[in-house]
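A short write-up of the structure that comes next.
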Amino acid sequence: MGFTPVEQTRWVPRKRQDGRRFIVTGANRGIGYATAAGLAALGAQVVLVGHEGSDAFGEAIDRIVQETGCERDALSYMALDLSSTEGVRQFVRMWKQRPASESKIHGLINNAGIAGAPGVSPDGFELCFQINYLSMFLLTRSLLPFMEAMEEKDKKVPARIVCVSSSAHLFTLGIPTDEGYLRKSGGGFFSLRYGESKLCVNSFVRTLHKRLRDEHPDKLVDIVAVHPGSTSSGFWHSFPAWAQRCIATVAQDPSQGARTSLYCATEPGVVSGGYYADCAPAAASFWLNSMERAEDLWTKSSAWTGVSPFKLAAQ
């Protein structure tokens, strides 16, 4: 998420999303909740996904209906555990069981993430790398076959993938690809590992955009990374109480934190492969200029998640 000054933006979501289906990860609270609510207010069908159980998501859905006036049947919940690749595969298997008319995806908001925690995942990777990047990598590639452009005024509008990154990706020592390093436990909340995981997110966005453009120009899917800005939310729950109080004094509220995600999910003219902050293009890390390192990350991530590096979608 990153510590950056809160800047008020005048942009307000207005473009209707009727007939579109969005998946929002980590949607029961914080920025994810505000993103789901914003999409619902615009008329979209929203699938709220996460690991915190049906009760938590049922409450979130009740609040969205009350706050936006949307129809309850426009909202649904599905379980997703990003702490392991098996959790992702379980979600994808469930998605494949949906009727064809209910499996089309017009927008995927990869919002879920953690600030950090000591330990490794069931797959043996540092937790920030696993949850913020590696499982997102597998989820996105697995859902690509379901992503579909929308017809609008005699033209097709590409599906959108929005990956929540952070300005913390600017403060790293490069794209991490050493497996030994990535399999070691990190130092806990908001360490260098967090920024590295978000740098990997940005690298994935650029690489997938390039592959879509060069190898599958008929697949109308745009993908961008966003920095939401410092936001007071459950994202910081692993921090000491005194640190959470300090953050709350300078951070924006979740509805403000969701604006750039909503902007990139709904506005025309968003540039695929880009990095956005405050509802506008922003400068990304110079580490992303190395295509060799980006391809190395793609190839190794494919191996670590058990998918082919040569096919766009995970099989």
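FYI, the numbering just counts along the sequence from 1.
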Minimum heavy-atom separation for [X] and [Y], please, with both atom names.
| X | Y | result |
| --- | --- | --- |
| Val307 | Phe137 | CG2-CE2, 4.4 Å |
| Asn111 | Val164 | CA-CG2, 3.7 Å |
| Tyr33 | Asn28 | CB-C, 3.8 Å |
| Val24 | Gly32 | CG1-O, 3.7 Å |
| Lys184 | Arg193 | O-NH1, 3.2 Å |
| Pro228 | Ile31 | CB-CD1, 3.7 Å |

Determine, step by step, whether Glu152 and Arg20 satisfy the salt bridge (charged side-chain N to carboxylate O under 4.0 Å, His left out) criterion, reporting the C-alpha distance in whole Å, the side-chain angles of both residues, the deciding distance to 0.1 Å, and the verdict. CA-CA 11 Å; Glu152 186 177 282; Arg20 289 177 167 86; 3.0 Å; yes
For a 4.5 angstrom cut-off between non-hydrogen side-chain atoms, does [X] reach [Y]?
| X | Y | value |
| --- | --- | --- |
| Pro176 | Cys200 | yes |
| Leu48 | Ile64 | yes |
| Leu143 | Ile161 | no |
| Met94 | Val49 | no |
| Phe204 | Arg141 | yes |

Determine, step by step, whether Arg259 and Asp278 satisfy the salt bridge (charged side-chain N to carboxylate O under 4.0 Å, His left out) criterion, reporting the C-alpha distance in whole Å, the side-chain angles of both residues, the deciding distance to 0.1 Å, and the verdict. CA-CA 8 Å; Arg259 282 182 178 175; Asp278 292 324; over 6 Å; no
Can you tell me how far [atom2] of [Y] sits from [atom1] of [X], rounded to the nearest 0.5 angstrom?
| X | Y | atom1 | atom2 | answer |
| --- | --- | --- | --- | --- |
| Ile223 | His209 | CD1 | NE2 | 10.0 Å |
| Lys210 | Leu212 | NZ | CG | 11.5 Å |
| Arg183 | Gln130 | CZ | CD | 9.0 Å |
| Phe57 | Met78 | CZ | CE | 11.5 Å |
| Phe129 | Leu182 | CZ | CG | 4.5 Å |
| Cys264 | Arg160 | SG | CZ | 7.5 Å |

Name the one of Met147, Lys156, Met150 that satisfies side-chain contact (heavy atoms from CB on, under 4.5 Å) with Leu220? Lys156
Ring geometry between [Y] and [X] (parallel below 30°, tilted from 30 to 60°, perpendicular above 60°):
| X | Y | value |
| --- | --- | --- |
| His169 | Tyr275 | perpendicular |
| Phe125 | Trp304 | tilted |
| Phe91 | Trp95 | parallel |

Go through Glu86 and Arg93 one step at a time and tell me if the salt bridge (charged side-chain N to carboxylate O under 4.0 Å, His left out) criterion holds. CA-CA 10 Å; Glu86 178 54 30; Arg93 286 195 291 268; 2.7 Å; yes
Do we see a donor-acceptor contact under 3.5 Å between the side chains of Thr140 and Asn110?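 Yes, a side-chain donor-acceptor pair sits under 3.5 Å.
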Would you say Ser121 and Asp123 are linked by a side-chain donor-acceptor pair, where the criterion is simply a distance under 3.5 Å? no
Chi angles and distances behind the salt bridge (charged side-chain N to carboxylate O under 4.0 Å, His left out) call for Lys311, Glu215: CA-CA 10 Å; Lys311 297 179 180 179; Glu215 302 170 17; over 6 Å; no
